[in-house]
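Here the structure is laid out as structure tokens; the discussion comes afterwards.
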Amino acid sequence: MDYDFQAIEQRWKAQWKADDAYRVDEDTTRPKFYVLDMFPYPSGAGLHVGHPLGYIASDVFARYKRHQGFNVLHPMGYDSFGLPAEQYAIQTGQHPAITTETNINRYREQLEQMGFCYDWTREVRTSDPQYYRWTQWIFGQLFESWYDMEADKARPISDLVAALESDGLGQVEPACDSKWWETLSDEVRAPWGEEFAGKLSAKHWNQCSEADKSQILMAFRLAYLADSEVNWCPALGTVLANDEVKDGLSERGGHPVQRKRMRQWIMRISAYASRLISDLDDLDWTDSIKEAQRNWIGQSQGAEVQFQVAETNQQLDVFTTRPDTIYGVSFMVLAPEHPLVPEITAAAQKDAVEQYQLAASLKSERERQGAGEQKVTGCDTGAFAAHPMTGKPLPIWIADYVLAGYGTGAIMAVPAGDERDWKFAKTFGLPIPPIFEGKDTDETVFTEKTATLCNSESLNGLSSQDGIPAAIAILESKGVGTKQINYRLRDAVFSRQRYWGEPFPICYEDEIPRLIKDKQVTLPKVDAYLPTEEGEPPLARAQKEDWNVFEGDRMEYNTMPGWAGSSWYFLRYMDPHNNSTFCSREKSDYWGQVDLYIGGAEHTTGHLLYSRFWTKFLFDHDWIGFNEPFKQMINQGMILGRSSFVYRIQGTEKFVTFERRKEFQTQRLHVDINFVEGDKLDTDAFRKWRPEYANAEFVLGEDNTYTCGFEVEKMSKSKFNVQTPDDLVERYGADTLRCYEMFLGPLTQHKPWDTQGISGVHNFLRKTHRLFEGATDAKPDEASLRILHKTIKKVTDDLNRHAFNTVISALMIGVNELLDSKGSQSELLQPLAVLLSPVAPHLAEELWDKSGGNGSVMDASWPASEEKWLTADRITYPVSFNGKVRFQLELDATMNPKEVEDVALNHEKTIAQIEGKTIRKVIVVPGRIINIVAV
RNA sequence: GCGGGUGUGGUGAAAUUGGUAGACACGCUGGAUUUAGGAUCCAGUGCCGCGAGGCGUGUGGGUUCGAGUCCCUCCACCCGCACCA
């Protein structure tokens, strides 16, 4: 009988459903294994063949681990809040929940069709109030926490309040902005005096009103409200986090982004910067992702140094990684936006400075970041700072190349040792004090750390390695500087001016935010999904009675960003229906970290960083027992599409075939790959595609056909090159699709999609089916047993190293060889069905059943390869001369190297090869190779 | 510029510890069979050469009895970061 994949797949899918075969429960008698796929956003387009690649790999591994006796958690759910559904709502007025539901149903259908072993009873959706109440709860906990730098962990805000009441800020060191008090209103600060520099006393704290205290605490909360420069995207009508902006454009949609000062909820992720870097070391992730995270966090060690501005009591703080070069400082540079600029600028320079500032502010983010060559620009403020060591006056300039957002927004310029400072000094004729022995820094800048310092008083003769700590010691003893670690990572904006996201459990009284703890706030209904006329977010449209909870004067109008719900979803899968906590400690202790996380590499600096941050936060409060979410991660490569093109002769409705396109002025247009078979265009289908092509004419090739051009590029709707899994499953079955996607090549590599190869894999499954047709209870012969055990070993080894493509090859070889050796005995076939089951579960179940297996193949234990069938009696040695293989020699496996050598040397072909030469050396690698060196 | 990665037949690729380069497939060529079907089977297929043989893993060098694999040089492409003080 033929391989009727449709009947087989339908039958077993139904059976598994009836048996609840994918249901998992906690079971302390078995070891656990947690395999997770990255959370999909259910888009309207459904899945294309690229999406399931990772899902198939994780499913294969989950099934393999189950065979090995692990209790495997393998869940799936949806990151179902997000922009596309909301954009659609804006256009059509349809509630995003409806769009989302429709899309999820489509996803679910596609996922089930491919036979994934997800435990659907654990499905989560971030837009479900039962889920997001816990996202809101975690936000609330972040709001009610501060970061204790000494203990290096988050603690309840009540601890900080207690400390403030008894000792003020004297005994505790909370993570905060270096000048946290500057964000407070003047009334709050007034009693503390002009000279206040952060040492808030208990007395002052206790004198504050409740409103004042709330303002002060805001400076220390892990989720806080603050005015800050944000990335505002007018086209999307919302702010974006740094990781959502690429080259000054929004990652989604590519719209321009501006800087704007806005009051926003912010997450103090910077408090975790150091742990987010150091804990990377123990993760089994690719170096490139770990490196990208280190880069993004951007740790640099150095010193903060204070410079006194002459004739004022103002002080300039700068951060430097090279405090050893302090004697080489000849000027200072501030960012044009630096708050001190207006205060210190000399009267004579006022106009020039203001002009420069204006010019800088008019430049877009993109221009500021300088796409290409950087021109050196700057402007003298006319003010001077005193060198902290020598007291010498240093001119203070402003310039674009100093960024307001990094460090303190000001630098001490050391032209001898810094490329940009050097160029700046050369451009504006500023001095370049030589500070490196034997280096003419007037000629070229010397940026390496290898030189010996000179003209640097007590630092003379020191290398940079010794000079840095020495310089810091001097600075500290003079009270003009401290050792400091600086990070590039900024706190993450957590507000979005959007409708389709988690509402904040926050209300305002006299504009003071208050956390609503006793009731869950759900999304209110609104009359439109657009901002109000006053520019308030859509939620501001909701009337008082539209809110299920309305407290204070008003509710918070912002919603949370997409990454809120996805930062902790892997925990909810462990305990998805818990109504009293986000995830019970008992469950999270059992399931623990994700053992294997599979997904794309596009979440490097967003999701992966944020979920690490939230995990550490939950760990600090002892609500979970681990501080990293994902122990091992594999990033699957993209499956690229093969786009087809037609060539329209400019200004006409004529299309010219690929071969003759050069004869005309043409425009290359994407054409739907559904009209193209083997690069030949179905011209009738093309005419019917769009009204404007109805009268299309074609300039054909010699064979009277229209040939399309092609290119391999990213699969996308707009390129009309999307291949969906649906019709492939229809034509070849889910098992074939699963095997084919695995067979394409290494999981982590990018590869073009090409359906031509699919027949080979389908054929393999048919052959496998045929092998089982002749199942008997007879005793298998030795040769067949060898084939089986070789296959068991290869498949097992390859699965362990996640080499899924060679798993398929190994099974192909095994089946081909067993067909040749007539190895159709149940004793061989049953283990073979188990080997097949991770990659082709439906067929494996059918064959397991046919070959007399008990129960479901899914619960059969993984076969072990037996050593005795792996070692052969005879070995075929390649015999090489000077490294080049000349002939084969079949020898007894028991022969020792000396015996092998003797046989090889006396072989007639050897004698022929070495004729006229002397043998210098003979190398025999037992079981491997014989190499004879002769000259 | 810095960091990470990848270069192997016509194509996707394999070679796990330095040990027969191209397994397994696709495609192609020839043949068989068949109710011309996107079916099946057999043989061949890295390149050059009729052949013996020679040459072959981006380039050039090195280590080694032996290098796709290790070391150095350069090139190409992909990804990330990018005036980061």
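All chains are named by letter (A, B, ...) in the order of the sequence lines, taking the proteins before the strands, and each is independently numbered beginning at 1.
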Any chance the rings of [X] and [Y] have centres within less than 6.0 Å?
X        : Y        : result
A:Phe331 : A:Phe424 : yes
A:Tyr740 : A:Trp753 : yes
A:His762 : A:Tyr3   : yes

Could you please name the partner base of [N], counting Watson-Crick and G-U wobble pairs only when both distances are under 3.5 Å?
N      : result
B:rC50 : none
B:rA14 : none
B:rC41 : B:rG31
B:rC2  : B:rG80
B:rU69 : none

Rounded to the Å, how far apart are [X] [atom1] and [N] [atom2]?
X        : N      : atom1 : atom2 : answer
A:Leu640 : B:rC78 : CG    : C1'   : 11 Å
A:Leu53  : B:rG12 : CG    : C1'   : 13 Å
A:Lys767 : B:rC42 : NZ    : C1'   : 13 Å
A:Asn882 : B:rG54 : CG    : C1'   : 16 Å
A:His750 : B:rG4  : NE2   : C1'   : 13 Å

Exercise. Is the glycosidic torsion of B:rG9 within 90° of 0, making it syn, or is it anti?
Worked result: syn

[atom1]-based separation of [M] from [N] [nearest Å]:
N      : M      : atom1 : answer
B:rG12 : B:rU63 : P     : 35 Å
B:rU73 : B:rG4  : P     : 14 Å
B:rG58 : B:rU16 : P     : 16 Å
B:rG3  : B:rA82 : C1'   : 11 Å
B:rG60 : B:rG5  : C1'   : 22 Å
B:rA15 : B:rG7  : P     : 12 Å
B:rC24 : B:rC79 : C1'   : 30 Å
B:rC42 : B:rC55 : P     : 35 Å

Select one nucleotide: of [options], the one nearest the side-chain heavy atoms of [X].
X        : options                : value
A:Ile929 : B:rG19, B:rA85, B:rC65 : B:rG19
A:Leu403 : B:rC81, B:rA13, B:rC83 : B:rC83
A:Arg770 : B:rC41, B:rG54, B:rC83 : B:rC41
A:Asn805 : B:rG5, B:rA13, B:rU20  : B:rA13

Distance check: side-chain N/O of [X] vs OP1/OP2 of [N], anything under 4.0 Å?
X        : N      : answer
A:Thr806 : B:rC24 : no
A:Arg928 : B:rG18 : no
A:Arg766 : B:rA39 : no
A:Asn816 : B:rA25 : yes
A:Asn763 : B:rU40 : yes

Exercise. Are side-chain N/O atoms of A:Asp798 and A:Thr806 paired as donor and acceptor at under 3.5 Å?
Worked result: yes

Exercise. Taking for each residue the nucleotide of RNA chain B bearing the nearest heavy atom, is the 5' side occupied by A:Thr605 or by A:Asp820?
Worked result: A:Asp820

Exercise. Do A:Met38 and A:Glu602 come within less than 4.5 Å of each other through their side chains, counting heavy atoms only?
Worked result: no

Exercise. Does some side-chain heavy atom of A:Thr450 sit less than 4.5 Å from a side-chain heavy atom of A:Phe436?
Worked result: no

For this session: Could you check A:Val414, A:Ile435, A:Ile432 and say which one makes a side-chain contact (heavy atoms from CB on, under 4.5 Å) with A:Thr441?
Result: A:Ile432

For this session: Examine the base of B:rC81 for any acceptor or donor lying under 3.5 Å from a partner atom in the side chain of A:Asn295, and report the outcome as yes or no.
Result: no

Exercise. Is there a donor on the side chain of A:Gln749 or the base of B:rU6 sitting less than 3.5 Å from an acceptor on the other?
Worked result: no

